[in-house]
Every structure is written in structure tokens, then in C-alpha cells.
Protein chains: 2
Amino acid sequence: MENSYFNGISCPNEYVLALKDTLNVITGKWKLAIVTTLLFEKKRFSDIQRMIVGITPRMLSKELKELEMNGVVVRKVYDSTPVLVEYELTDSGKKLKHIIDTLVQWGLEHREQAIAAFAEAEA
Amino acid sequence: MENSYFNGISCPNEYVLALKDTLNVITGKWKLAIVTTLLFEKKRFSDIQRMIVGITPRMLSKELKELEMNGVVVRKVYDSTPVLVEYELTDSGKKLKHIIDTLVQWGLEHREQAIAAFAEAEA
DNA sequence: CGGCATCCCGTCGGATACTG
DNA sequence: CAGTATCCGACGGGATGCCG
């Protein structure tokens, strides 16, 4: 078991692990973009690729695989011809919306703060 | 102005920028650890270094500089001998606690979910 | 359609030593 | 005490081409 970073701060190691889990899911260039495209409906590989500007199939494949391993998306294969593959968020994955909202809100408030501080410094 | 990743999703570009700002502050190996040590009281460089197991002065210096540029911490120099330098969270920085709590909670719930799903698969 | 294999490069972060 | 300088490996992620 890895140690907590926080010496002398009363913080259950479980919390640190949970934090790492979450960061692992939301960091990286594409993960949140992928989650966002799946928030309201499941989609096929090529649909996601078309919606996310600039992502290569290599990265999409890699990220989807990681998200699946992390229990955020589910991959469903339908044995038709041609093969149909759909990706869908798990319940946990859907709850990431709350996290995204929280992050966006901090960013917005923070920008206001920064502007206010700048104006004050100017005066 | 950079484009949003999300084609066809009605999402103000401002939100995407805010999201990126926030991610920029919470990602990386040490940033959240540093913020956490400063949550309840300001500290000196060597105090932080002592509390965060494994961080090198190089990384601590670099991260503190970035956090300062991003308006999350403030650096205060007192011209005593020897020189005293203190780091303190801004108001925005203090509000990161809410984000950390949100991330931890998702991680905890998610782990429960995963365990439940595993048990179901076993049955 | 839904990927995988290969090559490549820039950045992140570690190790170590040194300074005002 | 509060950093800086230098070197270096690991990894994220891009480009391109091929496959069932």
C-alpha cells in the first residue's frame, strides 16, 4: 500500500486513493471530452470520433479502453454485419457530470476573481 | 480563440475554457498535495517540503510558481535575516477544497459501485 | 466500420549538485 | 533557508499506414 502524501494531516488513506481514482478518470487530453459526448446517449466509435475534433482513432481506442477498465464506460458489441459497437456510460460515468459542472463553476468564479484582482491592482 | 472540442453539443466555449483552467490547476503529481497543505494555514517553503513526502525542491519551486501565476497561491517575502518566505492560498485557492471533496466523494462512490458490479458478476 | 502497429517527439518529473 | 542548474528517463500523445 502506497503512503499518503500528507504527513501530519489527518486524512484517511482511503480518501487519497479515491482522489487518485477520480483524477485518473478526468485527466488527459481526451477523457472528459469522450465522457461528455456520451452523457446523453450512447454512441458508436466513429460517431465519437466525428464529434471530437482532432482525435485520432489510436487515441480514441486507447482512451475508451482505459475508461472501460475504470468502470466508466461499457462496450457493447452487436454481431451484425458490419459489426456494430456501441459505447455507453455506466452509472458512475453519468455521475461525472456533477464533477464537470463543479470544475466549470470554479473556473468561471476564478476568472471573475482574477479580473477583479487585476482591476484592483490597476487602481 | 480556440475551438471547443464538442461539435454539435450546445456548450458555450467559455465553459470549455473554464474547465481547462480548472484542470490546469488540479492536474499534475503535486499541485493538489501542495494546495492541501496550505488549506488551513500558510506555510514556508521548507515546511511544505517536509510535509509532502518525496517532493524535490525543484518540483516544489516549479509548482508553487505555476500556482502563483494561476492565482491560486500568494507568495509573501519578509525581509528579515534569514529571509522568510510564506505561501498562502488566495480565496480561489481556498475554494479548491470543495473540488477536492467532490473528487474524493465520486471516487468513494465509484469504488462501491465497482465492488457491487463485481459481486453481481460473480453471482 | 472499428480498430492495431510502428515511429516519433515534447513535456513531466526524478536525481543530484550547487548558491545567495 | 529558499531556492537554481544540469542531466536524464518515462510517458503522453501525434502521424501514418495497415487489417479483418
Side-chain angles (χ1 to χ4, degrees), chain A residues 2-3 5 16 19-38 41-70 72-88, chain B residues 2-3 5 20 22-38 41-70 72-89:
Chain A
E2 199 174 345
N3 267 336
Y5 292 145
V16 178
L19 181 57
K20 285 186 180 178
D21 284 355
T22 310
L23 287 173
N24 194 30
V25 165
I26 67 175
T27 59
K29 189 169 179 182
W30 303 111
K31 290 215 177 67
L32 275 191
I34 295 171
V35 168
T36 305
T37 68
L38 295 176
E41 46 174 3
K42 54 187 167 185
K43 290 199 172 57
R44 311 175 58 168
F45 190 93
S46 46
D47 290 334
I48 306 174
Q49 194 185 351
R50 220 172 303 115
M51 296 187 67
I52 302 182
V53 179
I55 196 170
T56 61
R58 182 179 106 83
M59 286 311 294
L60 181 53
S61 173
K62 215 189 93 196
E63 301 292 57
L64 281 170
K65 212 170 280 176
E66 289 179 25
L67 289 172
E68 192 190 356
M69 285 195 334
N70 286 324
V72 171
V73 312
V74 178
R75 181 176 188 266
K76 286 181 180 166
V77 183
Y78 300 91
D79 240 356
S80 51
T81 34
V83 175
L84 171 63
V85 182
E86 281 182 339
Y87 293 90
E88 184 175 4
Chain B
E2 198 173 346
N3 268 337
Y5 290 148
K20 284 186 181 179
T22 311
L23 287 174
N24 194 31
V25 165
I26 68 175
T27 59
K29 189 170 178 180
W30 303 112
K31 290 216 176 67
L32 276 191
I34 295 171
V35 168
T36 304
T37 69
L38 295 175
E41 47 174 1
K42 53 186 167 188
K43 290 200 171 59
R44 312 173 60 167
F45 190 92
S46 47
D47 291 334
I48 306 175
Q49 194 184 349
R50 219 172 306 112
M51 296 187 68
I52 302 182
V53 180
I55 196 169
T56 61
R58 182 179 105 82
M59 286 312 294
L60 182 53
S61 173
K62 215 190 91 196
E63 301 292 59
L64 281 170
K65 215 169 278 176
E66 287 180 27
L67 289 171
E68 193 190 356
M69 285 195 333
N70 285 325
V72 171
V73 312
V74 178
R75 180 176 188 267
K76 286 182 180 164
V77 183
Y78 300 92
D79 239 356
S80 52
T81 34
V83 176
L84 171 62
V85 182
E86 281 181 339
Y87 293 91
E88 185 175 2
L89 291 182

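On a predicted model such as this, the values are computed, not experimentally measured, just so you know. So that the names make sense, note that chain A is the first sequence line, chain B the second, and so on, each numbered from 1.
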A.B. asks: Mind checking Gly28(A) for me? I need base, sugar-phosphate or nothing, with any heavy atom below 4.0 Å counting as a touch.
C.D. replies: sugar-phosphate

A.B. asks: Name the first nucleotide and the last nucleotide along DNA chain D (5' to 3') that come under 4.0 Å of a heavy atom in chain B.
C.D. replies: dC1(D) to dT6(D)

A.B. asks: Taking all heavy atoms of Leu38(A) and all of Tyr87(A), pick out the closest pair and write down the distance.
C.D. replies: CD2-O, 3.5 Å

A.B. asks: Check Lys65(A), Glu66(A), Glu68(A) against Val73(A) for a side-chain contact (heavy atoms from CB on, under 4.5 Å) and give me the one that passes.
C.D. replies: Glu68(A)

A.B. asks: Any side-chain heavy-atom pair from Asp47(A) and Arg50(A) closer than 4.5 angstrom?
C.D. replies: yes

A.B. asks: Using 4.0 Å as the upper bound for N to carboxylate O, is an ion pair formed by Lys31(B) and Glu63(B)?
C.D. replies: yes

A.B. asks: Identify whether any heavy atom of Tyr87(A) sits under 4.0 Å from a base atom; if not, whether one sits that close to sugar-phosphate; answer base, sugar-phosphate or nothing.
C.D. replies: sugar-phosphate

A.B. asks: Hey, what do you get for CG (Leu64(B)) to CD (Gln49(B)), rounding to the nearest 0.5 Å?
C.D. replies: 10.5 Å

A.B. asks: Classify the nucleic acid contact of Arg58(B) as base, sugar-phosphate or nothing, counting any heavy atom under 4.0 Å across all strands shown.
C.D. replies: base

A.B. asks: To check you understand the geometry: which heavy-atom pair defines the closest contact between Val85(A) and Val83(A), and what is its length?
C.D. replies: CG2-CG1, 3.9 Å

A.B. asks: Quick one: does Val35(B)'s side chain get under 4.5 Å of Val25(B)'s, heavy atoms only?
C.D. replies: no

A.B. asks: Under 4.0 Å from any heavy atom of chain A: name the first and the last nucleotide of DNA chain C that qualifies, 5' to 3'.
C.D. replies: dC1(C) to dT6(C)

A.B. asks: What does Lys65(B) touch in the nucleic acid at a heavy-atom separation under 4.0 angstrom: a base, only the sugar-phosphate, or nothing?
C.D. replies: sugar-phosphate

A.B. asks: Quick one: CG on Leu67(A) to CG on Asn24(A), what's the gap to the nearest 0.5 Å?
C.D. replies: 9.5 Å

A.B. asks: Compute the angle between the rotation axes at the two ends of the helix from dC1(C)-dG20(D) to dG20(C)-dC1(D), each taken over five pairs, rounded to 10 degrees.
C.D. replies: 50°

A.B. asks: To the nearest 0.5 Å, what is the distance between NZ on Lys42(A) and CD on Glu86(A)?
C.D. replies: 5.0 Å

A.B. asks: DNA chain C: Thr27(B) or Arg44(A), which has the more 5' nearest nucleotide?
C.D. replies: Arg44(A)

A.B. asks: Please find the pair of heavy atoms, one from Lys43(B) and one from Thr37(B), that lie closest to each other, and give the distance.
C.D. replies: NZ-O, 2.7 Å

A.B. asks: Are Leu84(B) and Val77(B) close enough that some pair of their side-chain heavy atoms sits under 4.5 Å apart?
C.D. replies: no

A.B. asks: Which part of the nucleic acid, if any, lies within contact of Pro82(B), taking any heavy atom under 4.0 Å across all strands shown: a base, the sugar-phosphate backbone alone, or nothing?
C.D. replies: nothing

